[in-house]
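First comes the structure, then the notes that go with it.
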Amino acid sequence: MSSIEKYVDPSILKCMPYQPGKPIEETARELGIDPASIIKMASNECPLGPAPRALKAMRKYLREMQLYPDGGAYYLKKKLSEKIKLPENNFILGNGSNEILEFISLCLLKPGASAVMSQYAFVVYKILASMHGAEAVEVPADGLGHNLMAMLKAIKPGTRVVYICNPNNPTGTMVGNRQINAFMKKVPDDVLVVFDEAYVEICPVKAPDTLKYVREGRNVIVLRTFSKAYGLAGLRVGYGIAKPELINILEKVRQPFNVNRMAQLAATAALSDVGFVRKSKKLYKEGARKIADFCNKRKIAYEPTFTNFMLIKVGDGASVFKKLEKKGVIVRPMGPYGLNEWIRVSLGTEEENLRFINELGKIL
Ligand SMILES: *Cc1c(COP(=O)(O)O)cnc(C)c1O
């Protein structure tokens with residue numbers, strides 16, 4: 001045992017780090033091919049690039065980057081407050097909404113505590129629970145979607161957090177208003193309900209209203225991000241919306257400059273870019289239809305999507321992932337999510353979707 005290992009908490013040593021989508025550069029190096037010939041449809045990034053207003057702001061403020069960011073993110077919170085119609089003190093900012101998931105774990109998860117989540121949900125929930133020595137209670141899904149009533153039943157005395165990812169990554173499913181209302185009627189008041197809404201802005205139908213629970217002062221936090229709808233994944237900025245008492249607790253574990261200056265400026269500008277979000281929604285709708293048409297024609301099972309990615313049942317997900325990668329198309333094998341037969345493909349530009357369909361068609 002190395003000299004420091006014995007001092008490290010066993011739950012940290014047991015941790016399995018998150019496996020992100022494979023970067024284009026890495027695949028290019030491994031295959032010895034030109035990065036420009038590779039398309040990445042693995043991390044639900046925006047195929048249209050960053051929101052143009054964000055780009056413009058980044059160019060404009062480039063020469064200010066010797067300055068530290070505003071630790072309180074005054075302007076970004078002000079803009080969020082106007083847009084979401086809740087006071088500034090209902091918001092907390094994170095280095096991606098991922099960092100807010102970390103704040104929540106730091107404050108609430110420890111040995112003896114548990115976190116309830118769906119069997120097929122964002123793996124970060126599980127990773128964070130075990131990192132803090134808490135139990136991750138994975139509740140069998142209803143098909144591929146969340147079974148909220150079963151999740152309710154899984155809550156026990158030590159349960160501190162329930163994660164509802166809606167629309168859900170990696171399945172693309174969504175639970176509706178009625179189910180969420182029924183869940184919220186019964187969930188104990190001392191269990192924090194985390195609504196992870198990373199895809200809500202691009203959801204093709206009206207997503208359930210969860211902000212009403214924030215307004216009612218319930219023990220909930222709604223998480224959103226600039227990574228998906230606004231195409232700013234590389235900048236790392238997300239936010240949480242909750243009652244001030246909860247925000248104040250989470251603020252205690254936040255480092256002052258967690259959201260960098262460029263990210264704050266770009267995100268503030270991006271919020272006005274409604275045209276961009278509309279355009280990308282249209283692109284996703286068409287892309288999802290094209291891929292669904294292809295699957296229907298070839299009798300391949302897929303899960304209808306409420307987001308910008310689709311789960312497709314290809315048989316051996318790991319092998320299809322490898323074969324697609326050799327053709328320069330990076331998707332996500334779903335083995336780590338317990339869905340060995342599936343791949344997840346992020347919807348791309350029209351051209352990228354066609355290339356994906358074409359290559360998948362040849363493989364299957
Ligand atoms: C992408 C994603 C996030 C977080 O993204 P950040 O880049 O950290 O803001 C959170 N939850 C889900 C379900 C996601 O898919």
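Keep in mind it's a predicted model, so treat the numbers as computed, not measured. Each ligand, and each atom within it, is numbered from 1 in the order the structure gives. Excluded from the calculations below are hydrogen atoms, water molecules and symmetry mates; all remaining heavy atoms, backbone and side chain alike, are included.
- Nearest non-hydrogen protein atom to atom 9 (O) of ligand 1 is T225 OG1, 2.5 Å.
- Inclusion of Y125 in the set of residues having an N or O under 3.5 Å from an N or O of ligand 1 is not warranted.
- In this structure, E88 does not pair ionically with K77, as no charged nitrogen and carboxylate oxygen lie closer than 4.0 Å.
- Of the N and O atoms on the side chains of E325 and T27, at least one donor lies less than 3.5 Å from an acceptor on the other residue.
- For atom 4 (C) of ligand 1, the closest heavy atom belonging to the protein is S97 OG, 3.1 Å.
- Using a 4.0 Å cut-off to heavy atoms of S227, the atoms of ligand 1 that qualify are 6 (P), 7 (O), 9 (O).
- The shortest N/O to N/O separation between N98 and ligand 1 falls below 3.5 Å.
- A donor-acceptor pair shorter than 3.5 Å cannot be found between the side chains of D34 and S37.
- At a heavy-atom distance under 4.0 Å, only side-chain atoms of Y199, from C-beta outward, approach ligand 1.
- L148 contributes atom CG, which lies 6.0 Å from atom CE of M151 (distance to the nearest 0.5 angstrom).
- Atom 14 (C) of ligand 1 has its nearest heavy-atom neighbour, among E102, E197, K228, in K228.
- Summarising the geometry of V191 relative to V162, their closest heavy-atom pair is CG1-CG2, 3.6 Å, with the distance given to 0.1 Å.
- Taking every heavy atom of C165 and a limit of under 4.0 angstrom, the matching atoms of ligand 1 come to 13 (C).
- Side-chain N/O atoms of K40 and S43 include a donor and acceptor closer than 3.5 Å.
- Close contacts of ligand 1 with N169, meaning ligand atoms under 4.0 Å from a residue heavy atom, involve 13 (C), 14 (C), 15 (O).
- No donor-acceptor contact under 3.5 angstrom links the side chains of Y120 and N169, judged on distance only.
- One side chain, E99 or N258, offers a donor N or O that lies under 3.5 Å from an acceptor on the other.
- Not a single heavy atom of A233 lies less than 4.0 angstrom from ligand 1.
- At distances below 3.5 Å, at least one donor-acceptor pair connects side-chain atoms of R298 with backbone N or O atoms of L364.
- Nearest protein neighbour of atom 11 (N) of ligand 1, counting heavy atoms only, is D196 OD2, 2.7 Å.
- Not a single heavy atom of G238 sits under 4.0 Å from any atom of ligand 1.
- Between R236 and ligand 1, a contact under 3.5 Å exists for at least one N or O pair.
- The distance from ligand 1 to the heavy atoms of G96 drops below 4.0 Å at these ligand atoms: 6 (P), 8 (O), 9 (O).
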